[in-house]
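In the text below, chain A, chain B and the rest are named by the order of the sequence lines, each starting its count at 1.
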There are 2 protein chains.
Amino acid sequence: MSPRNSVREAHRTRQRIIDRGVVIASVEGLEGLTIGRLATELELSKAGVLGHFGNKESLQLAVVDAAAALFAREVPETVRDVPPGLPHLRALCEAWVSYLERDVLPGGCFFTAAAAEFDGRSGPVRDAVAGMNALWQRDLRIHIRHAISSGDLPSNVDADQLLYELAGVMLALNHFLQLQRDRSASARARRALRCLLGA
Amino acid sequence: MSPRNSVREAHRTRQRIIDRGVVIASVEGLEGLTIGRLATELELSKAGVLGHFGNKESLQLAVVDAAAALFAREVPETVRDVPPGLPHLRALCEAWVSYLERDVLPGGCFFTAAAAEFDGRSGPVRDAVAGMNALWQRDLRIHIRHAISSGDLPSNVDADQLLYELAGVMLALNHFLQLQRDRSASARARRALRCLLGA
DNA sequence: CCTACCGATCGGTAGG
DNA sequence: CCTACCGATCGGTAGG
């Protein structure tokens, strides 16, 4: 093989590791994601896995990035063409419910799990998780504000309060789906959203 | 020492292990709670720790029980004397917010963390966590239904829907407090509760 | 409750 | 990308 091809192969292997890492981490957590397990499942040596990242923390950061990219692909990008403000906000929330409902990852919402796992710690992984969260909330807040200033939501709506309540609806959805295995939770999520965002 | 005293001492040691285990697990998770760490922090040998429980799973189950007892002491028992129905429900929710706001455990809500950690697994620990959750929801549902049948809440309120939305408020509170370190979250939780349960 | 172990697995490195 | 290691730590046991 040419060196060019070899570089591409290496990149493909790296991607295989990350993709599997997102799935494992959604169930076992980012700490439960071990290099040995990745190596076994992908039929690589441990050194073959670790060589792509250097150390476990860098692997965890790559997995966090990949999970964010997956979420972006599944939620905001699917509603890219919906007009900004309330229509966009509603579409985002529906795509979000659908994302959780379809069990795209076996462990449910990656970021809910990672947030619960790392919220009491410090360091780059915690910062990355919190940063992704902040980015997503910023996105939502922009559309909430747009909806208020355009008159689609009443002018007395508090943007941060609404953001808080939307987050609650989604956290509860993940909780009821994953812990109680209650499939009717998504219907309750949609009903709560209708209450918050209108029909 | 008499054997009687020795038994009491052993019981005290066991309690020390469990109490420290609840604190550690609230930050590191129930899997991150290791026997070696408990031994070091309590100045015991590993065998001295493990001897009280037999194996790690039994230790985890004892810690789950103790966390449930702590929550019971801090929330439902403090509002024992409030009349059933809507007054009791409001008092329960206020005690719940206060419990999270006061950072009784350094890692925030033990059961939220444990639920996120174990929801994708199976076995006795997962069952214990899910069971405690179900018990608490049953308690809340009883007071919601009482409030509806006594006319304190409108008769068109759906008890399970309200339960879902209350859970969302609390999950969001824990999330914003722990991940974003946003101390103003408890004000938003109270505002959301007023919206759901009236002034 | 201790000391003294056990095999397994962890993250990580050296050298090719 | 591999083999062949390393020290540290894991849960757990034997024997006292």
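- Taking the salt bridge (charged side-chain N to carboxylate O under 4.0 Å, His left out) definition, one finds that B/Arg20 meets it with B/Glu41, sequence neighbours left out.
- Along DNA chain C, read 5' to 3', the first and last nucleotides having any atom under 4.0 Å from a heavy atom of chain B are C/dC1 to C/dT3.
- For residues 44-59 of chain A, proximity to DNA chain D is found at A/Leu44, A/Ser45, A/Ala47, A/Gly48, A/His52, defined as any non-hydrogen atom under 4.0 angstrom from a strand atom.
- The backbone N or O of B/Glu31 lies less than 3.5 Å from a partner atom in the side chain of B/Lys56, making a donor-acceptor pair.
- The ring of B/Phe71 has its center closer than 6.0 angstrom to the ring center of B/Trp136.
- Panel note: side chain A/Arg126, backbone B/Leu179; a donor-acceptor pair is recorded below 3.5 Å.
- Listed by first and then second residue, the salt bridge (Lys or Arg N to Asp or Glu O under 4.0 Å) pairs that reach into residues 154-179 of chain A are A/Arg141-A/Asp160, A/Asp158-B/Arg191, sequence neighbours excluded.
- Residues B/Arg90 and B/Asp152 are not paired through a salt bridge, judged by the lack of any N-O separation under 4.0 Å between the basic side chain and the carboxylate.
- Each of B/Ile17 and A/Ile35 was assigned the nucleotide of DNA chain C with the nearest heavy atom; the assignment lying further toward the 5' end belongs to B/Ile17.
- Judged by distance alone, the side chain of A/Tyr99 and the main-chain N or O of A/Cys109 form no donor-acceptor pair under 3.5 Å.
- A/Tyr164 contributes a side-chain N or O that, together with a main-chain N or O of B/Val169, makes up a donor-acceptor pair within less than 3.5 Å.
- Annotation: side-chain hydrogen bond (donor to acceptor under 3.5 Å, both in side chains) contacts of B/Ser149 (sequence neighbours excluded): none.
- A/Arg188 places no side-chain N or O within donor-acceptor distance of the main-chain N or O of A/Leu173, the cut-off being under 3.5 Å.
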Using Watson-Crick and G-U wobble pairs whose two distances are both under 3.5 Å, how do you write the pairing of DNA chain D as dot-bracket, with | for links to another strand?
||||||||||||||||
